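Below is one structure, written out as structure tokens; the observations come after it.
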Amino acid sequence: AQSVTQPDIHITVSEGASLELRCNYSYGATPYLFWYVQSPGQGLQLLLKYFSGDTLVQGIKGFEAEFKRSQSSFNLRKPSVHWSDAAEYFCAVGESGNDYKLSFGAGTTVTVRA
Amino acid sequence: DVKVTQSSRYLVKRTGEKVFLECVQDMDHENMFWYRQDPGLGLRLIYFSYDVKMKEKGDIPEGYSVSREKKERFSLILESASTNQTSMYLCASSLSTSGRFRDTQYFGPGTRLTVL
């Protein structure tokens, strides 16, 4: 079974600074990878996903993520954060052959300071 | 826009009560999901449904059941609520295409359930 690790529980970043959130997965084959964001009081929203092809994926709200097979990682980045990016971010992995199940990481909470 | 609504944002129940959490989606999605979200654990799948009256257990189905009588509505039932079921419950839906879990899941705002 696959597992997902988000090593950082909480990150604080200044507005305008860059942001990188780490995600590592454990899975034998090529995984299907997702990043979701949960703003306060709201449900999760998909930021981006990777299935195959170009390993650098562009998403909504100015986010991008890079799949690195050698490092089993799918880190999320944003060059310049806005106060509205304060939220909890979840990495998720889908397993080929298990049609419905996504495994989620524990989440990283991002605080943006002025 | 896809809309997934959940019947309550906050719910307080007593131990032993039967609890119903309702979820409705307005986009004619085949798949619907119930997750539980706890700090430090992320989201864990309780049950999902890929069609009316069809359901499959997820990772943590014990103590829960589900009902899907209509395509747009998916109910989570706590037969006899216990304090360890105090949590945030999230419903999601997705349109079924060739790769089911690859379909974007759309989430509701969640129901924060407290069992006293």
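Predicted model only: the values in this text are computed from it and were never measured. All chains are named by letter (A, B, ...) in the order of the sequence lines, taking the proteins before the strands, and each is independently numbered beginning at 1.
- Heavy atoms closer than 4.5 Å to chain B are found nowhere in A/Q45, neither backbone nor side chain.
- Using a 4.5 Å cut-off between heavy atoms, B/D59 contacts chain A through its side chain alone, with no backbone atom that close.
- A/V57 has its side chain out of reach of A/W35: every pair of non-hydrogen atoms, C-beta onward, lies at least 4.5 Å apart.
- The existence of a salt bridge linking A/K61 and A/D85 is excluded, since no basic side-chain nitrogen approaches an acidic carboxylate oxygen closer than 4.0 Å.
- Counting heavy-atom pairs under 4.5 Å between each of B/G110, B/G40, B/A92, B/P39 and chain A puts B/G40 at the top.
- Looking at B/R112, there are no atoms closer than 4.5 Å to chain A (heavy atoms on both sides), in backbone or side chain.
- B/S87 and B/D38 share a side-chain donor-acceptor pair at under 3.5 Å.
- Proximity to chain B (any heavy atom under 4.5 Å) is restricted, for A/Q38, to the side chain, taken from C-beta onward.
- Defined by atom type and a distance below 3.5 Å, a donor-acceptor pair is present between the side-chain atoms of B/S82 and B/N84.
- For A/L44, the parts sitting under 4.5 Å from any heavy atom of chain B are the backbone and the side chain alike.
- There is no contact between B/Q6 and chain A, counting heavy-atom distances below 4.5 Å.
- Checked against a 6.0 Å centroid threshold, the rings of B/F107 and A/F90 do not count as neighbours.
- Proximity to chain A is limited to the side chain of B/L90, based on heavy atoms less than 4.5 angstrom apart.
- Salt bridge present: B/K53 and B/E69 bring a charged side-chain N and a carboxylate O closer than 4.0 Å.
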